[in-house]
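Before any comments, here is the structure.
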Amino acid sequence: MDPNVRPETMERITTPELARAFIDEQIAAVRAQVGDRKVLLALSGGVDSSVVAALLIRAIGDQLVCVHVNHGLLRKGEPEQVISVFREELGANLIYVDAVDRFLDKLAGVDDPETKRKIIGAEFIDVFAEEASKLEGIEFLGQGTIYPDILESKDGIKAHHNVGGMPEEFDFELVEPVKLLYKDEVRVVGKALGLPDSMVYRQPFPGPGLGVRCVGAITRDRLEAVREADAIVREEIGRMDPVPWQYFVAIPDVKTTGVKDGKRYMGWAAVIRAINTVDAVTARSVEIPWEMLTRIRDRIVAEVPGVNRVLWDLSDKPVSTIEWE
């Protein structure tokens, strides 16, 4: 049986009881796989990696070493938040790596989305290999791979940093306890593990981060525009009731004509995306109130350097994917 194929008989995890049964099963599986050795985990602070971290801490405790890599593609304030929540509140054994220049230098001039994903994934692997070389007993790499990642990579829709991007010389064995779960199931498991709602219900965030929302070749000024515009959208749309499953900003590498201070002003277009979904395999665009849209528009063009217009993406999945790249 293919370990990367979800069995048809696998029951959907929808209740705390089913989640606890899954947790017990995975704790036993992880202990059997890892023994007394150590696991290195990429801890982004997103839902998937947070749930995996909590599960692995319960299974193997101090044998887990968490690494948070700031690759310059995170949302505004996220590195600080990850350190605060995981190191100070949860007591995780957390290593912080500032790799902003390292990642952005390698991505400079690269506009193909699949190439960008491969570069980011490969660089992550290199970072973890370097961190592992500083530690004794690291033989495993923990990952927050979930089932939609596997499905989309298998079908050629898009590559994921934690699926199929491993070089042949990669010498860590993978530990992926939630790889057969859909996103909604991961959240149920997170609640059963006792994680706070702010973590369990945090918006999904792609492994390549803002690298796939700064569409085209990444430049530092446009990346900062994405980060600032995204913070505004998250603040404003976060007030909706109910809150959409995911909402963010993408900025393509296209400049359009505008007017500022009576002069021609060439700037980018910030694209608002808000969707609802259950499993991330299909998604529906969410209606945003006009008053909120105009407030977001006014804030972005006033507060974000380089942006002179705001667009609203109404596309569903399929045909469009949730992310732009």
Side-chain angles (χ1 to χ4, degrees), residues 1-34 39-60 64 66 86 90 121 140-155 157-166 173-208 244-246 275-284 317 321-323:
M1 184 173 68
D2 188 341
N4 290 322
V5 175
R6 180 177 172 125
E8 293 183 4
T9 56
M10 183 173 173
E11 188 173 3
R12 192 89 175 197
I13 299 174
T14 56
T15 67
E17 292 75 21
L18 289 171
R20 286 192 288 270
F22 174 82
I23 291 166
D24 291 343
E25 176 186 284
Q26 289 304 313
I27 286 175
V30 168
R31 287 174 178 170
Q33 179 184 9
V34 174
V39 178
L40 189 65
L41 172 69
L43 181 53
S44 67
V47 179
D48 304 330
S49 67
S50 297
V51 170
V52 169
L55 200 159
L56 292 181
I57 288 170
R58 187 172 293 190
I60 58 174
L64 175 67
C66 299
F86 288 94
L90 299 182
F140 299 88
L141 179 66
Q143 291 194 149
T145 310
I146 64 175
Y147 203 48
D149 298 340
I150 294 173
L151 292 176
E152 290 187 334
S153 295
K154 180 180 178 181
D155 293 340
I157 296 171
K158 59 185 176 183
H160 288 268
H161 71 291
N162 51 7
V163 180
M166 304 297 179
E173 184 177 333
L174 296 181
V175 178
E176 301 173 299
V178 300
K179 70 178 181 179
L180 297 183
L181 301 189
Y182 291 101
K183 181 69 75 173
D184 59 309
E185 297 178 295
V186 175
R187 295 189 195 280
V188 178
V189 170
K191 285 286 290 184
L193 285 165
L195 291 173
D197 285 355
S198 60
M199 190 179 302
V200 173
Y201 296 109
R202 188 177 182 180
Q203 281 196 64
F205 193 53
W245 191 82
Q246 190 175 22
I275 59 96
N276 275 332
T277 182
V278 173
D279 54 17
V281 176
T282 63
R284 299 284 292 180
K317 177 184 180 180
T321 55
I322 295 173
E323 298 291 341

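Residues: numbered from 1 along the sequence shown.
Here the closest heavy-atom approach between residue K317 and residue A280 is recorded as NZ-O, 2.8 Å. The two atoms that bring P177 and Q143 nearest to each other are CD-O, 4.3 Å, heavy atoms only. In this structure, G142 and L41 approach most closely via the heavy-atom pair O-CD1, 3.3 Å. Nearest heavy atoms, V189 versus A19: CA-CB, 4.0 Å.
In R284, the CZ atom is not crowded: 12 or fewer heavy atoms of neighbouring residues, nucleotides or ligands sit closer than 6.0 Å. By the 6.0 Å contact criterion, CD on E11 is open, its count of non-hydrogen atoms from other residues, nucleotides or ligands being 12 or less.
Judged by distance alone, with hydrogens and angles left aside, the side-chain atoms of R58 form a donor-acceptor pair with the main-chain N or O of L193 at under 3.5 Å. Formation of a donor-acceptor pair under 3.5 Å by the S49 side chain with backbone atoms of S44 is found in this model. Remark: side-chain polar atoms of R20 are not paired, donor with acceptor, to backbone N or O of A192 under 3.5 angstrom. D149 places a side-chain N or O within donor-acceptor distance of the main-chain N or O of I146, the cut-off being under 3.5 Å.
Between Y201 and K191, some side-chain heavy-atom pair lies under the 4.5 Å cut-off. The shortest side-chain heavy-atom distance between Q33 and E173 falls under the 4.5 Å cut-off. Counting heavy atoms from C-beta on, the side chains of L195 and V51 come closer than 4.5 Å. Side-chain contact check for P148 versus Y182: some heavy-atom pair is nearer than 4.5 Å. Looking at F205 and D48, their side chains never come closer than 4.5 Å, going by heavy atoms from C-beta outward. No side-chain heavy atom of V200 sits less than 4.5 Å from a side-chain heavy atom of V47. The shortest side-chain heavy-atom distance between V39 and L141 does not fall under the 4.5 Å cut-off. Looking only at side-chain heavy atoms (C-beta outward), T145 and V178 stay at 4.5 Å or farther from each other.
Considering CD1 of I57 and CD1 of I27, their distance stands at 11.5 Å, rounded to 0.5 Å. One distance of note links CG of L55 with CD1 of I23; it measures 6.0 Å at 0.5 Å rounding. The distance from the CD atom of E176 to the CD atom of Q26 is 11.0 Å, given to the nearest 0.5 Å. Here the straight-line distance linking atom CH2 of W245 with atom CD1 of I275 works out to 5.5 Å at 0.5 Å rounding. Distance check, rounded to the nearest 0.5 Å: CG of L180 to CG of N4 gives 7.5 Å.
In this view, E185 and R6 satisfy the side-chain hydrogen bond (donor to acceptor under 3.5 Å, both in side chains) rule, not counting sequence neighbours.
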message = One pair to check against side-chain hydrogen bond (donor to acceptor under 3.5 Å, both in side chains): Q203 and Q246. What are the steps and the verdict?
response = CA-CA 6 Å; Q203 281 196 64; Q246 190 175 22; 5.0 Å; no

Evaluate T14 against V188 for side-chain contact (heavy atoms from CB on, under 4.5 Å), listing each step before the verdict.
CA-CA 7 Å; T14 56; V188 178; 5.8 Å; no

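We find that D197 and R202 are not joined by a salt bridge, their nearest charged nitrogen and carboxylate oxygen being 4.0 Å or further apart. The pair R12-D184 counts as a salt bridge, with a side-chain nitrogen and a carboxylate oxygen less than 4.0 angstrom apart.
The ring-ring contact (aromatic ring centres under 6.0 Å, His included) pairs that include a residue from residues 2-30 number zero, where partners must be two or more places apart or lie in different chains.
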